[in-house]
Amino acid sequence: MQVSTAEKQFVNEAVKSSIRVDGRRLDETRETKFHPLQTSGSVEVCIGMTRALACVEVEHTQPHPDRPSEGMVNFQVEYSPAANQDRAFEFLMGSASDQDPLLTREVERAIRDSRALDTEALCIIANKLVWSLKVVITILDNCGNVSDVAQIAAIAALKHARRPDFTISGREVTIHPVTHREAVPLPINFMPIMTTFALFDSGAVVLIDPSAQEEAAMDGKVAVVMNEHKEICGIRKPGGVCIEKELLVQMVKMAGARTLKLKKELTHSLLSSSEMLHKLSPVSPDPNLLVNSSSAQQAVHGAQDNVAEMKSPGHGHEELPPASSEILATASYSRSKASPPPRNGNTFQRNDAEMVHEDASGTANAGKGSKTSQDSKNLDSSDSDDDDSDEDLMAAVISRPRGGGGSGRRKPK
Amino acid sequence: MKLDYLVFAWAATVLVEKANPRAQRSHSDASFTNLSDVDLTSMKDSVDLGDGADGLREYEQKRAAGRRDGREASELRALKVEQDFLEQCDGSSRLACGGTVVMAAVYGPIECPLKAQLSDRAIVRVDVKGASSTVSRSSKWLEKYFRESFEPVIATGMFPRSAIVIALQVMQDDGSVLATGINAGMMALVDAVVPLRSIVCASSVAMNSNHTLVLDPTQAEQGEAVVHATFAFESGGGLVSCKTWGFFEDERSFSNAASIAEQAAGKVQAFLQIASNRKVNESHSI
């Protein structure tokens with residue numbers, strides 16, 4: 001946004017007297033509103049008049065060869081021509097892309113690099129099939145502090161998103177369409193929320209949540225990402241004027257208070273719309289996934305192609321008729337104790353002892369790590385199996401009545 | 001007989017809609033959720049046609065279409081509109097037609113880059129963004145379709161070397177996205193006070209496998225339809241644009257579809273007029 005020198009001077013003088021042009025106090029943010037849409041994974045967030053819409057698309061795909069047992073999440077922040085007159089002008093110029101790579105990187109850093117989303121829990125079968133998420137954030141109105149809105153919209157959308165449930169039986173993965181079985185939330189460990197501060201008066205004055213005018217007139221900015229456990233997920237001060245480090249501590253305190261407040265509001269607004277979620281599908285580009293024949297099985301053939309042959313005595317690989325998860329699990333397990341349990345990836349890696357341990361420990365850590373987070377109840381047990389030793393299968397069935405490797409509960413929290 | 005895609009100009013006098021007390025009652029009972037939000041519950045009414053509309057009467061007899069959401073075959077979904085909620089752009093609107101929600105923002109007229117300028121009139125550019133990848137995949141085509149629907153009615157000759165930018169954002173897609181997009185865009189143009197020759201309103205019609213024409217199909221109905229079409233009519237009664245998918249088996253089904261769509265477009269236009277009147281009255285009443 002282009003601001004005249006006179007406006008800049010005006011803003012600076014006002015801030016020096018602890019007055020903001022829009023009448024707020026220095027430590028007062030604009031009102032944040034969350035509007036979850038009916039489609040799961042779509043949330044519109046407004047901070048004052050700045051508005052962004054984030055949408056999460058869920059699909060299953062092959063994992064990256066360097067990370068065989070991790071799911072993938074990609075962010076993309078783009079501007080709608082509605083955001084700003086400058087953006088409309090650029091749209092008319094025909095510039096190829098309306099994406100903002102810098103903003104995308106900031107959102108990525110806040111959510112993916114801080115491990116707020118448990119990518120290992122997004123694995124279906126290691127080396128074969130993982131969940132891939134694509135989060136597209138569109139800035140609809142730029143009235144200052146776009147990075148906050150983009151990041152908050154992204155994490156809100158991830159919290160709102162649902163992925164289809166799946167069952168592993170033997171070598172087959174059945175991904176249940178959302179019309180047959182309720183979709184399941186994503187494995188989120190904590191909610192990082194970004195707070196941006198603007199620096200004025202050679203670093204002496206700090207404003208929280210700058211408006212567009214203040215952004216154009218500020219001397220520097222600091223972005224603090226914190227989660228609800230008062231942990232600092234990231235601090236970014238991209239150059240600009242120098243500040244005292246005590247000021248940074250103050251900023252962290254302010255950010256912490258704001259994070260807690262926003263997290264409560266976000267959870268409240270998501271809960272109040274959650275009863276609609278079970279009716280609707282996640283945004284998925286694969287129509288075949290959602291429409292199914294009478295049997296609720298959809299064998300993933302790609303996963304079976306490279307399966308190592310399993311020659312264990314007493315293991316009869318039979319096509320089990322579609323049934324409830326409990327019956328499915330107990331039927332396959334009670335038949336053959338000697339066969340290895342059909343858990344994530346272990347079925348295919350029987351010949352490779354090292355891989356079994358790696359994978360098992362990986363999933364175990366993911367399982368344990370996620371258990372300590374407050375969202376552990378929402379994790380689907382079928383994809384984070386923390387039972388990593390080859391113990392008695394019947395014991396496994398008894399200890400977890402849903403059955404190891406079976407699909408999760410009917411209704412997520 | 002396969003019908004090729006043609007553009008007709010329909011005479012407005014062919015179809016006469018009787019003033020329906022039910023429709024009027026629903027206008028006055030409209031409830032607000034916020035200042036410029038007009039909530040009109042489904043405009044359920046019976047279509048009374050003048051003589052000489054035999055094809056439509058036939059269609060009337062098959063009206064019990066048995067739709068999933070319990071609507072009748074010629075019933076629109078509930079419309080809700082919100083205006084003027086974006087700060088940076090000149091005009092904005094968000095139109096919800098049942099589960100389909102489209103947001104439109106308009107800048108106009110604004111400065112245009114030199115290479116895109118026209119010496120005698122303003123250019124009109126449309127940007128369509130959608131939540132699902134199906135929208136983004138076909139966005140170039142969608143942009144062209146929307147531009148062709150809006151450009152005829154905007155008085156572009158008043159603003160040479162300028163541009164009018166319309167940004168559409170599909171927030172929820174439950175069928176009839178094209179029609180809702182045109183209606184939302186028109187509402188935003190009105191909100192931005194861009195000079196217009198007339199108002200364009202659109203509606204879509206689908207024909208399912210029992211050869212019943214249903215108005216305003218949902219996503220599911222669109223998916224299982226044999227043919228579906230979106231028609232955009234202007235307030236004078238002329239057809240501005242039309243897009244069909246699938247095959248119409250004969251001329252009559254196409255003309256029936258167009259007639260139904262025209263009626264519905266008239267209703268949508270009435271709704272939009274009420275909404276803008278409300279907004280103006282409320283801002284005046286301060």
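Excluded from the calculations below are hydrogen atoms, water molecules and symmetry mates; all remaining heavy atoms, backbone and side chain alike, are included. In what follows, chains are A, B, ... by sequence order, proteins preceding strands, each numbered from 1. The model shown is predicted, which means the values in this text are computed figures rather than measured ones.
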Distance col, row Met171(B):CE vs Leu53(A):CG, nearest 0.5 angstrom, shows 4.0 Å
Return the option, out of Pro113(B), Ala105(B), Cys89(B), with the maximum number of heavy-atom pairs under 4.5 Å with chain A. Pro113(B)
Determine whether a donor-acceptor pair (N or O, by modelled atom type, separation under 3.5 Å) exists between the side chain of Asp141(A) and the backbone of Glu87(B). yes
Roughly how far, to the nearest 0.5 Å, is the CD atom of Gln169(B) from the CD atom of Glu44(A)? 9.0 Å
Report which part of Met49(A) has an atom under 4.5 Å of a heavy atom belonging to chain B: side chain, backbone, both, or neither. side chain
In terms of heavy-atom contacts, Phe91(A) and Val165(B) come closest through CD2-CG1, 3.8 Å
What's the shortest heavy-atom distance between Ala116(B) and Leu92(A), and which atoms? CB-O, 4.3 Å
Please classify the contact between Ala54(A) and chain B as side chain, backbone, both or neither, with a heavy-atom cut-off of under 4.5 Å. neither
The interface call for Ile123(B) against chain A, heavy-atom contacts under 4.5 Å, is side chain
Side chain of Gln172(B), backbone of Gln38(A): donor and acceptor closer than 3.5 Å? yes
Can you tell if the side chain of Gln88(B) reaches within under 4.5 Å of the side chain of Arg87(A), non-hydrogen atoms only? no
Is Phe89(A) atom CZ crowded by more than 12 heavy atoms from other residues, nucleotides or ligands, each under 6.0 Å away? yes
Pair Val136(A)-Lys129(B), side chain to side chain contact (heavy atoms under 4.5 Å, CB included): steps then yes or no: CA-CA 11 Å; Val136(A) 177; Lys129(B) 282 192 165 43; over 6 Å; no
